Amino acid sequence: MKLQQVSDNCFAVLNEKSRLCDANSGLINLGGGVVIDTQSDLSHARRMIELFAKVWPGMPKRVINTHEDGDHVWGNQLFEGAEIIAHRTAPDRMKQAADPRTSQKLLNGVDNFLSRSLLRATHPGKLAIGRQLRHDYDFNGINLALPTTLFDEQYMLDLDGTRACLTYVGPCHQTGDTIVHVPKEGVVFAGDVIFRQCTPVGWTGTYQKWLEALDLIIWLDPEVIVPGHGPVCGIEGAMEMKAYLEYVREESQRCFEQGLTALDASKRIDLGTYGAWRAPARLFVNVERAYREFRGEPADAPWDMAKTFDGVYRVAKAKGIAVEF
Ligand SMILES: [Zn+2]
């Protein structure tokens, strides 16, 4: 992890591996300090605090969660007494989608000989992601610290005269997707609306909403975007994400009309230059999302995670690329 200054008063802690759970955090170093997203486990959150402490005068008064996923909220508890701001849906969704016990159970399963053997035979993708996560993460000791200030459409912060504007743009990647714009600094903290040079994944939401959220970011025309995953970028980051989503939706449509399954479609779709993005086989999740839309399923239809990770695993194997999530 590294600290990067992105404007006079804005900073990012970047988790350079850019795979699932390797998320970025932001800091607006004004008005008592605002931290944006708090990492995936306590050791990463402590490291993030150490890095930001090089520039902040003291523990910040506020935390913003850009959405409910565990890798953006599991360090919340270390900001004792801070106001935690998020979209109205975030507390309930965190309880559903970010239960650290579920993730720790997966890691424990990798350590246990019997369950490991069973997983290898039945869900090789689930075993593979468990192994990947176990290498870097430990979800023990995490207690969900839920947001304390909730908003619906927009929420403004006045930080020593500098405005920070939170805008709800979901559901595109997740139910609670929020972007944080600091106009005076020319910075947008995009959460998982933007994955940079790593393959996006989305859970709740639609392609349409996601494209609209990216259009909004392009319209805001920031000098710097801090994405949820991957390196800091300019608006080209939003444009390339748009191009990826449009490409995948179009290719998925073609395959859907030919009667291919989402898995076969993902094996067949040419990654082109997107093959150089981290974890390209996560394409499967995006194809499956497109298929759900073509079938008219609701944007919040639940995911069978074991099946989803197996899909990514099988696509990686079929394409002869590294199994990475
Ligand atoms: Zn996320």
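Numbering of ligands and ligand atoms starts at 1, following listing order. Model, not experiment: these values are computed from the prediction. Numbering starts at 1 and runs along the sequence shown.
For the Zn ion (ligand 1), the count of nearby protein N/O/S atoms, taking only those under 2.8 Å, is 4.
Ring geometry, Phe256 versus Phe294: the interplanar angle falls from 30° to 60°, so the pair is classed tilted. Taking the six-membered ring where the residue is Trp, His67 and His72 present tilted rings, their angle falling between 30° and 60°.
Although no hydrogens or angles enter the test, the distance criterion places a donor-acceptor pair under 3.5 Å between the side chain of Lys319 and the main chain of Lys267. Proximity of a side-chain donor or acceptor of Glu68 to a complementary backbone N or O of Gly176 within less than 3.5 Å is detected.
Because its NZ or CZ atom is not both nearer than 6.0 Å to the ring centre of Trp210 and within 45° of the ring axis, Arg289 does not count as a cation-pi partner of that residue.
For Tyr274 and Trp277, the gap between ring centers is short of 6.0 Å.
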